[in-house]
Number of protein chains: 2
Amino acid sequence: MDSAAARERALDAAEELFYGRGVQSVGMDDVRSTSGVSLKRLYQLFPSKELLVEAYLERRDTRWREQLAAHVDRHEDPRRRVLAVFDRLEEWFAEPDFRGCAWINAHGELGATSPRVAARVRAHKQAFHAYLARLVADAGLPDTLAGQLYLLAEGAMVTAGITRATEPAARAREAAGLLLRAV
Amino acid sequence: MDSAAARERALDAAEELFYGRGVQSVGMDDVRSTSGVSLKRLYQLFPSKELLVEAYLERRDTRWREQLAAHVDRHEDPRRRVLAVFDRLEEWFAEPDFRGCAWINAHGELGATSPRVAARVRAHKQAFHAYLARLVADAGLPDTLAGQLYLLAEGAMVTAGITRATEPAARAREAAGLLLRAV
DNA sequence: AACTCGGGAGAACGACCGTTCTCCATGGTC
DNA sequence: GACCATGGAGAACGGTCGTTCTCCCGAGTT
């Protein structure tokens, strides 16, 4: 197993464990036994647990935004593309191992103690906000709408994480539809 | 110092520390030294750390909802009362030691490992949702609106916690105003 | 004055965890 | 075959933390 493969396996295990059980309740030994990557190799690839957490959040950020964009790109109509964001949320919430937003959870867990993790969470949220702002602008809608839709999406994520229901996505989408018509 | 006073002091320290630095990075010894309540007494009052966390969340829940209701009760107009929720959020976000929503943070930290804490978070959110639903009903507005306003409020709380800005409250309030007019 | 008892200070215990180290096997290279 | 680098398994180390225990003090009681 070469270095790149070991890295992927380690990140796969880290994502599964950190996302599923929280960062602090998962030990490096759990990552080792789940990934099959030895502790020695793990520490060569990621010199500390905090760096592994960062790498996990980074890879997940890329993938999450790719999946969102892929979903939005199924549509051409600019307003429909805005609403497609909420369709994607609903799909995400319905995944069997959905446990809320990884970044919101990580911020609750580590935001107060790890500035690096906190910064990565802010970067992810900012990127999502910027993407939403672009969709809104492409639809010729006013800038202020983006911030409002962003809050609806965040509210849906938190609520879905706490209640384990998909329904917040649909409610957020309704509200988004009303806001689109109101402005 | 009698038992009731020790309990209050312990909860004061627990709230300050758990809310400010997160539950897991605060030891029982920190609670002891901050509160001045000895470890022995602490364990008499709260037989485990988890029970102390629950008691902290419970007392904070009561106070938080009281403060919200007090703010709303400054107004008589039913629609104004609904919007006053967002005024209260803004006031809260501006407090100097604001670190986001205590329940969202606790859920991110302990939701996956402590069913008791997770249940308490759900109870708090449900109570907030029910309060909002009552304000909406009292204003003669449709039920569906309550869920939408709830998501805006939750989105504002998460975002304010992550960015440390008060502005999400104002944006949520704008969106809420539009939704009130739209239905 | 002796006794009791709740409580304080802090040591002690046991478990866990992030990180490093030891020892050994393996496979490529000369 | 000798040598070396690489990496695996897992022990070891140092620190932290939740929880309990020991020892002692002081106040109230008889």
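Throughout, a chain's letter reflects where its sequence line sits, starting with A, and its residues are numbered from 1.
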Exercise. Evaluate the side-chain proximity of L11(B) to F46(B): yes if any heavy-atom separation is below 4.5 Å, no if none is.
Key: yes
Quiz item: Any side-chain heavy atom of W103(B) within less than 4.5 Å of one from V158(A)?
Solution: no
Self-check item: Evaluation steps, side chain to side chain donor-acceptor pair (under 3.5 Å), between E50(B) and S114(B)
Solution: CA-CA 8 Å; E50(B) 188 178 27; S114(B) 168; 2.5 Å; yes
Quiz prompt | Which residues share a side chain to side chain contact (heavy atoms under 4.5 Å, CB included) with D77(B), sequence neighbours left out | solution = R79(B), R80(B)
Exercise. Kindly work out whether a path of hydrophobic side-chain contacts (I/L/V/M/F/W/Y, heavy atoms less than 4.5 Å apart) joins I162(B) to F98(B).
Key: yes
Self-check item: Contacting residues from residues 5-30 of chain B, given that a heavy atom lies under 4.0 angstrom of DNA chain D
Solution: V26(B), G27(B), M28(B)
Quiz prompt | R60(A) to Y19(A), cation-pi by 6.0 Å centre distance and 45° axis angle | solution = yes
Self-check item: Under-4.0 Å salt bridge between R59(A) and E15(A)
Solution: yes
Distance, rounded to the nearest Å, where [X] contributes [atom1] and [N] contributes [atom2]:
X      : N      : atom1 : atom2 : value
Y43(B) : dA9(C) : OH    : P     : 16 Å
L39(B) : dG8(C) : CG    : P     : 11 Å
R41(B) : dC5(C) : CZ    : P     : 18 Å

Quiz prompt | Phosphate-side-chain proximity, K49(A) and dG18(C), N/O vs OP1/OP2 below 4.0 Å | solution = yes
Practice problem: Identify the 5'-most and 3'-most nucleotides of DNA chain D with at least one atom closer than 4.0 Å to a non-hydrogen atom of chain A. | Solution: dG7(D) to dG8(D)
Quiz prompt | T144(A) and E174(B): side chain donor to acceptor below 3.5 Å | solution = no
